2 protein chains.
Amino acid sequence: MASLSQSEENYLKEIFHLTQLQKEKVSTNSLASRLNTKASSITDMLQKLAEKQLVQYIKYKGCSLTENGEKIAVQIIRKHRLWETFLVNKLNFGWDEVHEVAEELEHIDSVKLVDSLDQFLNYPKFDPHGDPIPDKNGKIPYRKTKMKLVDAGIHKKLEIVRVNEDEMGLLKYLERQNLQLGTKLEIIEKFSFDDSMLVRTELDTTINLSKKVTENISVKIVEN
Amino acid sequence: MASLSQSEENYLKEIFHLTQLQKEKVSTNSLASRLNTKASSITDMLQKLAEKQLVQYIKYKGCSLTENGEKIAVQIIRKHRLWETFLVNKLNFGWDEVHEVAEELEHIDSVKLVDSLDQFLNYPKFDPHGDPIPDKNGKIPYRKTKMKLVDAGIHKKLEIVRVNEDEMGLLKYLERQNLQLGTKLEIIEKFSFDDSMLVRTELDTTINLSKKVTENISVKIVEN
DNA sequence: GTAAATTTTTAGTCTTGTCTAAAAAAATAG
DNA sequence: CTATTTTTTTAGACAAGACTAAAAATTTAC
Ligand SMILES: [Mn+2]
Ligand SMILES: [Mn+2]
Ligand SMILES: [Mn+2]
Ligand SMILES: [Mn+2]
């Protein structure tokens with residue numbers, strides 16, 4: 001089990017994420033754009049990872065993770081999300097400040113460290129953005145009932161359970177609007193001409209949210 | 001201020017440590033043995049670091065840190081020792097388990113992270129081995145009164161304030177003997193034929209310590 | 001003060017991960 | 001179904017950081 005380079009780990013992680021989004025095999029170009037590299041670099045690396053039995057790769061057909069590759073990817077995601085939780089819960093980072101540092105911390109290689117951190121944080125199930133934190137065995141506590149705000153029905157009592165941390169600028173925007181995980185809200189009206197919606201929060205403030213926003217927030221129904 | 005590679009940071013740190021030990025310029029070979037590389041690799045890197053104005057390097061004459069190089073080295077040491085403190089104080093690592101992980105954590109690049117960690121730990125002055133932790137501004141809280149146990153006088157009340165974490169196996173040995181930072185002891189007798197000594201600890205247990213041990217423990221005098 | 005031993009540097013290679021440019025395969029359009 | 005466009009792969013290059021072997025400088029020994 002020779003340990004992997006940061007680069008290799010990032011590739012595995014990204015293949016995992018892309019596989020979640022669309023069920024098909026992951027294309028060279030999609031990886032290239034997520035990893036900010038050129039397609040040729042992706043091809044090189046995929047060949048290496050295939051060699052190491054971490055991905056299945058068929059020329060021109062894209063790739064997917066092997067069982068082993070997925071196991072490793074999940075552990076990196078576990079570390080990433082635990083560190084983000086640590087930074088927010090213990091070191092008082094804002095939720096928009098943690099991702100970059102977690103990108104570095106996730107590569108620290110020590111099982112004892114990760115497990116101790118997990119315990120120290122009291123075995124959190126979700127990170128500061130509401131993403132599930134895989135446990136020691138790689139089990140991911142997906143939320144069963146969760147939908148994008150854009151798809152939620154009108155006049156139901158909703159609670160924000162997840163925000164898309166990848167969406168550049170969203171976190172800061174939500175902070176400014178006083179919207180956070182756990183915030184309860186209700187859709188008052190949906191405007192079809194620009195797909196924005198008017199929502200009312202607990203404090204009786206009403207805000208208009210654009211499609212861009214409501215597509216990147218997930219909620220659960222609290223009551224109806 | 002382009003950020004440095006892990007390798008470059010390790011070189012700077014090691015040059016700093018070696019400069020502390022012996023006042024002269026640091027030799028290529030001494031660096032090679034500390035960094036587990038070959039002398040030729042050292043030469044290559046010194047040329048690069050000299051280029052970047054981080055070390056002063058004169059062919060065949062050894063090197064030393066520039067002001068800027070030292071500043072960076074000290075900040076890495078700060079990070080190393082803060083992380084070690086975190087691991088012991090918050091995650092319940094043993095003092096013999098932290099160094100390796102800290103070697104990785106010390107390269108995480110985020111001033112906010114380091115300073116928050118420092119605050120979270122309550123601005124510790126010393127790490128789990130009794131080594132001083134540089135502050136945000138690079139000031140190092142050296143202990144004024146401290147001597148190697150091997151050099152301490154007989155029948156004085158002493159307290160362990162520092163152990164040499166580099167000495168392979170020492171930490172585990174001391175743990176086994178129930179000797180830790182803060183342990184009070186008194187030298188009962190010194191044996192010149194093998195330079196060992198008999199010490200009595202607070203709990204009235206007496207232990208014979210070899211020269212190898214007493215050279216790598218530092219104490220302060222509590223009373224005489 | 002010269003010869004031998006040691007230390008340090010140089011020259012040349014290798015691996016990793018990236019890039020650009022060109023070639024090849026696959027997808028799309030008419 | 002063929003031609004064009006797009007995607008992917010290959011070929012060749014480069015920088016970082018390490019290594020080995022050989023050359024050069026320095027130190028030590030007599
Ligand atoms: Mn993140
Ligand atoms: Mn997250
Ligand atoms: Mn250490
Ligand atoms: Mn230490």
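What you see is a predicted model; the values in this text were computed from it and never measured.
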Check nucleotides 6-10 of chain D against the protein and report each pair of N or O atoms closer than 3.5 Å, with its distance, or say if there are none.
{"unit_1": "D/dT8", "atom_1": "OP2", "unit_2": "A/N29", "atom_2": "N", "d": "2.8"}
{"unit_1": "D/dT8", "atom_1": "OP2", "unit_2": "A/N29", "atom_2": "OD1", "d": "3.4"}
{"unit_1": "D/dT8", "atom_1": "OP2", "unit_2": "A/N29", "atom_2": "ND2", "d": "3.2"}
{"unit_1": "D/dT9", "atom_1": "OP1", "unit_2": "A/Y57", "atom_2": "OH", "d": "2.3"}
{"unit_1": "D/dT9", "atom_1": "OP1", "unit_2": "A/Y60", "atom_2": "N", "d": "2.9"}
{"unit_1": "D/dT9", "atom_1": "OP2", "unit_2": "A/T28", "atom_2": "OG1", "d": "2.9"}
{"unit_1": "D/dT9", "atom_1": "OP2", "unit_2": "A/T43", "atom_2": "OG1", "d": "2.8"}
{"unit_1": "D/dT9", "atom_1": "OP2", "unit_2": "A/Y57", "atom_2": "OH", "d": "3.4"}
{"unit_1": "D/dT9", "atom_1": "O5'", "unit_2": "A/Y57", "atom_2": "OH", "d": "3.3"}
{"unit_1": "D/dT10", "atom_1": "OP1", "unit_2": "A/K59", "atom_2": "NZ", "d": "2.4"}
{"unit_1": "D/dT10", "atom_1": "OP2", "unit_2": "A/Q47", "atom_2": "NE2", "d": "2.6"}

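In this structure, A/R81 is not positioned above the aromatic face of A/F126 in the sense of NZ or CZ being under 6.0 Å from the six-membered ring centre and within 45° of the axis.
Between A/Y11 and C/dT16 there is no side-chain N or O to OP1 or OP2 distance below 4.0 Å. Dashed line: the shortest gap from a side-chain N or O of B/S7 to OP1 or OP2 of D/dA16 is not under 4.0 Å.
The ring of A/H99 has its center closer than 6.0 angstrom to the ring center of A/H80.
In this pair, A/F86 and A/F120 present their aromatic rings tilted. The plane angle is within the 30 to 60° band.
Between B/E215 and B/K148, none of the side-chain N atoms (NZ, or NE/NH1/NH2) sits under 4.0 Å from a carboxylate O, so this pair counts as no salt bridge. With respect to B/D118 and B/R78, a salt bridge is recorded, a charged nitrogen being found less than 4.0 Å from a carboxylate O.
A donor-acceptor pair is defined here as one N or O able to donate and one able to accept, closer than 3.5 Å; no such pair exists between the side chain of A/E84 and the backbone of A/A102.
Protein atom CG of A/L49 is 15 Å distant from nucleotide atom C1' of C/dT18, rounded to whole Å. Separating the CE atom of A/M45 from the P atom of C/dC19 is a distance of 11 Å, rounded to the nearest angstrom. Regarding B/E24, its CD atom lies at a distance of 12 Å from the P atom of D/dT27, rounded to whole Å. Here the P atom of nucleotide C/dT16 and the CG atom of A/L4 are 12 Å apart, to the nearest Å. For the pair B/N10 CG and D/dA16 P, the interatomic distance rounds to 17 Å; values are reported in whole Å.
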